[in-house]
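Some notes on the structure that comes next.
Each chain gets a letter, A, B and so on, in the order the sequences are listed, and its residues count up from 1.
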There are 2 protein chains.
Amino acid sequence: MDFLGELRTLKDQVLFSERIEGHEQYSRIVIAGMGGSGIAGRIFQELYSKRPVITVDDYHIPEFVDSKTLFISMSYSGNTEEVLSSTEEARKRKARVVAVTSGGRLSESADEVIQIRGGLQPRSSLGYMLMPLLNTFMDLDDEAPDKLRNMLKEMDDDNSKMKAEAEEIFKRELIPVIYGFSPFRSIAYRWRTQFNENSKILALSSYFPELDHNEIVPLKPTYRKDVFRFYTFDCAENPRIQKRIDATEKVTGTVFNRIEVPVSGNIGRAFFLVHYGDYLTYHLANLRGIDPTDVSSIENLKKLLSS
Amino acid sequence: MDFLGELRTLKDQVLFSERIEGHEQYSRIVIAGMGGSGIAGRIFQELYSKRPVITVDDYHIPEFVDSKTLFISMSYSGNTEEVLSSTEEARKRKARVVAVTSGGRLSESADEVIQIRGGLQPRSSLGYMLMPLLNTFMDLDDEAPDKLRNMLKEMDDDNSKMKAEAEEIFKRELIPVIYGFSPFRSIAYRWRTQFNENSKILALSSYFPELDHNEIVPLKPTYRKDVFRFYTFDCAENPRIQKRIDATEKVTGTVFNRIEVPVSGNIGRAFFLVHYGDYLTYHLANLRGIDPTDVSSIENLKKLLSS
């Protein structure tokens, strides 16, 4: 499947209805995952705060993981070495382990598996990875998946805004800087990594209000400011955050390109912004004449690591 | 006090012996703090994993904060609005609240206060903010503070390496990219924010192994690669991380400038790397003819927000 085809599967992924049963008795949730598989845990962590959710993106797990911990292992391929390592440690600590994967060694070794379809790039499987978490822990409206599907389909039908934005970046070879805020900090990170993997350019991400305590300082006096193009999302519900965005622009003389989000509800907004970033980075790859699915550096690295 | 004078207080800050008594009964630790005050919680979070430590850098706290939570409010000034807001919420949830501050509204409103000396920039008070956490939760050797002090003093006496590094960045107006790894991810972030506040330039930070799943991809094909200068720390104890650093360099044809860390133990390394970044960003400010203590953008923002 080409990358455009992959992007377009997102609207069907949101209909994925799997969930984890019997989670109530676990006082902590730990979610392991790297890169395109790990982003689902990061997004979920911001949307849910009834219990501590700790994300693990390394070989080892925190000391506190025990039999009261629900450990969710996310690896699209099922062969990510960091996740296999952390999952093995979790099992030794008697945590309940649930894997979300399309196959690989993870699906063979896990006691419980939420099986998702294969054949996609991990970063194109976000719906499959995220929906089981939302279905399990959030009170999703019965109509929510259909609404999400319709919204994403509309974006598939008209992504001219994302294309125009890609042209702005391409024309002047700009480095994107994406400023998020809660609960969309991880979406800024998602954009950054999609610029990395799809468009093959470096990008920065940060978030309000933290950036008002450090990154605001260079925005006026930094050298090379014309190398960067600044983004934020036009959907801050906290008036103090909205005021900060406006004031940060004003104080530093910086233009933040504000992505309009014509959607209500945090889950809808998260999916809208994810898909917006998917298209933006896809179009930028096209303009650069680069294959968005080519991640040969990652593959070459894996070969070198296993040699 | 000038900025160099401030930097040189770090060696005395590590002798600060305050601690939080009676913490054992709390099953979760939440640490609130922004920017230069928040970094202490981030560094601590990586060094300690016996209980979940959640850092809060926003106005609101997670829903799970309750009477079994030890809530540590870190604000050097004591007047950071996000921390005042989150602390107020924590108090309403009956968490035990301990403030680490030099004064302000936080010291007036908190039940328990660890009082630290005033008169510094928040980012220059890291020792005062971090030591109470280390004294309370880590098994510090009795001789550890003196050892830290001697190491930092040596760096004060000879910081020629940091100056030479600053000259490299200055000569070609480079944007630093700092790659950390556990337990020094937050040190990469600290460097980034010190480049922001002291040197007034933008910077990127990221960490292994996560970056091998996304940011590795553009390292060869990105445009404007010559704008960036890449750093990592030469003290990875996990051989799989060390192998990744070497392989990432090789696969992408990138030079990572490796900061030598002639110190043993994670706490010592953390302080060494913090102080290295302090000097590097200070010297860069000097070369740029910029006052490292000038954070007028932050002050102007505060005025605008309170108007």
If you define the side chain from C-beta out and look only at heavy atoms, does anything of A:P52 sit under 4.5 Å from B:R51? no
Which residues from residues 32-42 of chain A are near chain B, with near meaning under 4.5 Å between non-hydrogen atoms? A:M34, A:G35, A:R42
Quick one: what part of [X] sits under 4.5 Å from any heavy atom of chain B, side chain, backbone, both or neither?
X: A:N238; result: side chain
X: A:Y207; result: side chain
X: A:K250; result: side chain

All salt bridge (Lys or Arg N to Asp or Glu O under 4.0 Å) counterparts of B:D66, not counting sequence neighbours: B:R28
Check for a donor-acceptor pair, side chain of [X] on one end and backbone N or O of [Y] on the other, with a separation under 3.5 Å.
X: B:R224; Y: A:E173; answer: yes
X: B:K50; Y: A:E63; answer: no
X: B:Y223; Y: A:I175; answer: no
X: A:T222; Y: B:L202; answer: yes

Residue part contacting chain A, namely of [X], when any heavy atom lies under 4.5 Å:
X: B:S205; result: backbone
X: B:T69; result: neither
X: B:E197; result: both
X: B:L219; result: side chain

Between A:S85 and B:R240, which heavy-atom pair has the shortest distance, and what is it? OG-NH2, 3.6 Å
Contact summary for A:P221 and B:K200, nearest pair of heavy atoms: CG-CG, 3.5 Å
Please determine if B:R185 and A:D57 form a salt bridge, counting it only when a charged side-chain N lies under 4.0 Å from a carboxylate O. yes
